Structures are given as structure tokens and as C-alpha cells.
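Have a look at the structure below, then the notes.
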Amino acid sequence: MTNKTDGKENQMWGGRFSRGPSAIMEEINASIDIDRRLWREDIAGSKAHAAMLAAAKIISVKDNEAIQHGLGQITSEIERDEFAFSKALEDIHMNIEARLKEIIGEPAGRLHTARSRNDQVATDFRLWVRRACEEAETSLKALMLALTKKAGENADAVMPGFTHLQTAQPVTFGHHLLAYVEMFSRDAARFADARARMNESPLGAAALAGTSFPIDRDATAAALGFDRPCANSLDAVSSRDFALEALSAASITATHLSRLAEELVLWTSPHFGFVRLSDAFSTGSSIMPQKRNPDAAELVRAKAGRIIASLNNLLIVMKGLPLAYSKDMQEDKAATFEGMDALSLGLAAMTGMIGDLEANESAMKEAAGRGYSTATDLADWLVRSLNMPFRQAHHVTGAAVALAEKKGVALDALPLEDMQKIEPKITKDIFSVLSVQASVASRTSFGGAAPANVKREASRWLAALNKEKN
Ligand code: ARG
């Protein structure tokens with residue numbers, strides 16, 4: 001890279017400048033490689049703006065027609081990959097305007113009346129983030145559907161429930177999957193909330209103070225699907241909290257995805273062997289032929305780093321910026337695109353993995369019985385049948401577990417006489433609660449793990465998700 005100038009002054013503000021930028025200046029200043037992704041939004045914004053200018057008699061109907069036609073031609077050029085994006089023209093806004101001038105000549109110069117790149121970029125970017133939120137909601141619903149279907153199929157597949165990653169109490173695989181459906185539904189709602197809040201149009205705020213032209217901001221807002229124009233011109237061009245909210249929702253979603261991904265990594269390990277991912281979502285090892293690695297799950301787990309970093313990136317860029325626009329804000333797009341791209345890939349990969357995975361019911365059930373997972377059921381039986389205070393029942397049960405452990409047997413294999421040595425009032429009826437199936441079937445309290453609950457919840461979610469799709 002050299003520090004020479006190209007000798008050409010900028011065509012957009014050449015009036016005040018006699019020399020073009022140095023090569024390094026161009027390198028640090030240009031954003032076209034990133035913001036060219038905003039071309040659809042930029043053209044939509046310009047079309048709405050020009051139509052409004054004509055309706056308000058700020059430009060002629062003929063000029064508006066020429067602008068609409070020229071922007072239409074640019075659309076097909078970009079779609080056909082025939083558009084020459086130029087770094088010298090800095091960003092998507094100036095690339096499109098310069099091309100418009102080549103196509104239609106003088107009327108192109110009237111498009112920027114009562115507008116600045118500051119309200120233009122704020123508008124384009126809001127439109128992009130709004131769509132990204134919508135897509136995240138759609139992808140989350142697809143993932144919820146995949147989870148719900150698996151949960152329905154595994155409503156009575158007993159598995160160990162964990163706390164501290166130690167065997168705690170039996171649950172079902174379906175119940176475990178539905179826990180994630182709850183999380184992802186809140187994530188989708190967070191995107192929907194953010195989307196509703198950001199749906200105000202910055203267009204017409206101009207550079208920062210509004211304009212003296214008799215523009216109609218309601219008209220451009222409506223044309224672009226916004227609920228209303230932003231009420232304060234300074235806020236309109238300076239705020240990026242809409243992107244921060246989207247990245248916050250993305251970060252929370254990524255955290256949920258990473259927990260599920262971590263569980264897939266654990267469950268597919270031969271030490272657990274609870275699930276098998278399909279070949280489509282596993283990789284082999286170049287040296288160890290026996291391996292089936294859960295690479296996709298590991299990468300989804302890692303994407304949380306990238307997504308949370310994007311949120312931090314933009315928070316740090318925005319922190320302490322005085323009103324109104326500062327060029328720092330140009331960095332908003334790289335961060336947001338990176339975070340939202342990683343999220344959409346992570347959601348797609350997780351949906352694929354869940355849709356294809358096979359649960360190993362016997363391995364899960366076998367594991368569910370290990371680790372004295374029905375000890376709480378024994379204690380509850382003492383409370384219910386002998387009217388023992390729970391604290392005392394906990395103590396008695398602890399002694400029974402210790403004895404079973406010493407004898408190397410499961411709780412339900414501990415002979416009645418042994419139990420009666422600990423608590424003489426225990427009867428053989430106790431064995432009815434000590435199996436893992438009996439344990440999980442008894443968890444019928446609202447929100448509990450009982451298969452009957454899981455079946456009901458899975459059909460409730462299935463109906464809700466299918467209804468939304470239609
Ligand atoms: N490329 C710029 C951005 O993304 C557009 C706005 C530039 N505004 C300005 N006053 N230089 O932020």
C-alpha cells in the first residue's frame with residue numbers, strides 16, 4: 001500500500017477538495033466491501049425518498065420517473081452480478097448514486113435533496129436488521145419444531161436428569177428437549193420485541209437537524225413498512241440500539257444453543273452413548289477409524305464466542321460517542337453482519353442435528369437407574385406413607401443409599417429386611433416407587449417430567465407452531 005493520492009478529487013464533494021484521499025485514507029474510510037450487502041435496502045430507501053420528493057413537488061414527476069427507472073436498472077445489474085463496486089466511491093450509497101448519474105444524468109443529482117448519508121445509512125441498516133430479526137424468528141421456530149417432534153417421539157424415554165452433572169432424578173428425554181423449546185420461544189419473542197421497537201423510520205432526519213424542505217416523513221415511513229418516523233432527528237441518525245438489541249437477543253440465543261450443543265457433545269460421547277448424530281452431521285478422524293466426532297455441535301458451541309463478541313464490539317464502538325453521527329458508527333455493520341450470520345448458521349446446524357438424531361433409549365434408561373436416582377422417591381414414600389417429616393426421611397434414605405452402596409446394589413435391589421433394619425415401619429409397598437419408570441411417571445405436578453405431561457406439552461407446542469406456520 002502506498003501513501004500516494006490518485007489525483008482525483010471525490011465526485012460527491014469535489015467542490016471543496018482539490019486532491020483525492022491518500023491510499024491509506026481510502027483503505028480506512030471505504031466500507032463498500034462490507035456495506036454492499038445493504039444494496040437492496042439502499043435502493044428501496046432511495047425509491048421511497050424520490051417518490052415522496054415528487055409527491056411533495058420538491059422534484060419534478062419526470063425526474064422521479066428517471067430516478068425510479070435508473071434504480072430499477074441498477075437492481076438488475078447487481079442481481080446479475082454486473083455492477084462494478086468501487087472502493088473510491090467509499091460506500092454503497094455513493095456507489096449507487098454514482099451509477100445512477102451514469103445512467104440517467106442530471107436528475108440523479110436531485111435524489112439527495114433533503115437527505116444525507118446519515119439518515120440514509122440509518123434507514124438502510126434498520127431495514128436490514130429488521131429482516132435479520134424476522135429471519136432469526138423463523139429459524140428459531142424451525143428449531144423449536146424439530147425439538148418438539150423429537151420430544152413427542154421420546155415422551156416416555158427415561159433418562160437421568162442431572163444437577164452439578166451428577167445423576168439427580170430420572171426425567172424423560174422428551175422433557176429435556178422441551179426445556180429448550182421454552183428457551184428458544186423466549187428468544188424468538190425477544191427478536192419480535194426488538195423488531196417492533198426498531199420499526200421507526202430515520203429517513204428525513206437528514207444530516208442531523210431535519211430539513212427545510214416540505215418533506216413527508218410519514219409517506220416514506222409507510223412505503224418502507226415502518227410504523228412511523230423517528231420523532232427526533234438527532235436520535236434518528238445517532239442511535240444503533242436497534243442493532244444492539246438484535247445482537248443481545250442473538251447472544252442469549254447463542255448461549256442457549258451452546259448449552260444444547262454441549263449436551264450433544266456429552267451425549268454422543270461413548271461414555272454416555274445417549275444419542276447418535278446422523279452421518280450428515282458427524283465427521284470422522286483421519287487417524288482413528290472408530291471416531292464419530294460431533295464437529296457441528298462443537299462449532300455451534302463455539303459460535304457463541306463470535307456472536308457475543310459482536311455484541312461487545314458494537315457496545316464498545318457506541319460507548320461514549322457524542323451526538324450526532326460519527327464515523328465510528330460505520331463499524332456497526334461488520335459487527336452486526338458477523339453476529340447475525342453466525343447465529344443463522346448455528347440455528348440451521350442445530351436444527352439439522354436435532355432433526356436427524358437418534359436416541360438410544362436403553363442406554364439412557366440404564367444410566368437413569370445408576371447413581372441412586374430414585375432416592376428422593378424413597379424419601380417421599382416415607383413422608384407420604386409413614387407421615388415422617390421430610391428432613392428425617394432424607395436422613396433415613398441416606399442410610400439406605402449408603403447400605404446399598406456398600407452392598408453394590410441398586411436401591412430397588414436392596415432387600416426389605418435391610419431397609420427395615422434402618423426403619424422398621426417400611427413395607428414392601430416401597431418397591432412400587434423405586435423403579436425409574438415409576439419415579440418419572442409420578443412427576444405429574446404442573447411442569448413436571450411425567451410422560452403424560454410431556455405428551456401433552458409436545459402436542460401443545462406442535463399445534464402452536466403449526467398454527468403459526470399457516
Ligand atoms: N458509510 C457510512 C456509514 O456506514 C455512511 C454515512 C457516512 N456519513 C458521513 N457523514 N460521512 O456510516
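Start at 1 and go down the list; that is how both ligands and their atoms are numbered. FYI, side chains are in, hydrogens and waters are out, and symmetry mates aren't considered; it's all heavy atoms of this structure. A quick note: this is a predicted structure, and the numbers were derived from the prediction, not measured.
- Salt-bridge check for Glu27 with Lys87: passed, with a basic side-chain N closer than 4.0 Å to an acidic carboxylate O.
- With a 6.0 Å cutoff to the six-membered ring centre and a 45° limit on the axis angle, Lys150 does not count as a cation-pi contact of Phe173.
- With respect to the salt-bridge test (charged N to carboxylate O, under 4.0 angstrom), the residues Arg190 and Asp187 qualify.
- Contact check on Glu97 versus Lys101 returns no salt bridge, with no Lys/Arg side-chain nitrogen under 4.0 Å from an Asp/Glu carboxylate oxygen.
- Sorted by first and then second residue, the side-chain hydrogen bond (donor to acceptor under 3.5 Å, both in side chains) pairs with a member in residues 44-61 read Ser46-Arg115, Ser60-Asp63; sequence neighbours excluded.
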Note down each nitrogen or oxygen pair, ligand 1 side and protein side, whose separation is under 3.5 Å; give only atom names and the distance to 0.1 Å.
from: ligand 1; atom 1: 1 (N); to: Asp91; atom 2: OD2; distance (Å): 2.9
from: ligand 1; atom 1: 1 (N); to: Gln330; atom 2: OE1; distance (Å): 2.7
from: ligand 1; atom 1: 4 (O); to: Lys333; atom 2: NZ; distance (Å): 2.7
from: ligand 1; atom 1: 8 (N); to: Asn118; atom 2: OD1; distance (Å): 2.9
from: ligand 1; atom 1: 10 (N); to: Asn118; atom 2: OD1; distance (Å): 3.0
from: ligand 1; atom 1: 11 (N); to: Arg117; atom 2: NH2; distance (Å): 3.4
from: ligand 1; atom 1: 12 (O); to: Tyr325; atom 2: OH; distance (Å): 2.3

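- Between Glu262 and Arg259 there is no salt bridge, since no side-chain nitrogen of the basic residue lies less than 4.0 Å from a carboxylate oxygen of the acidic one.
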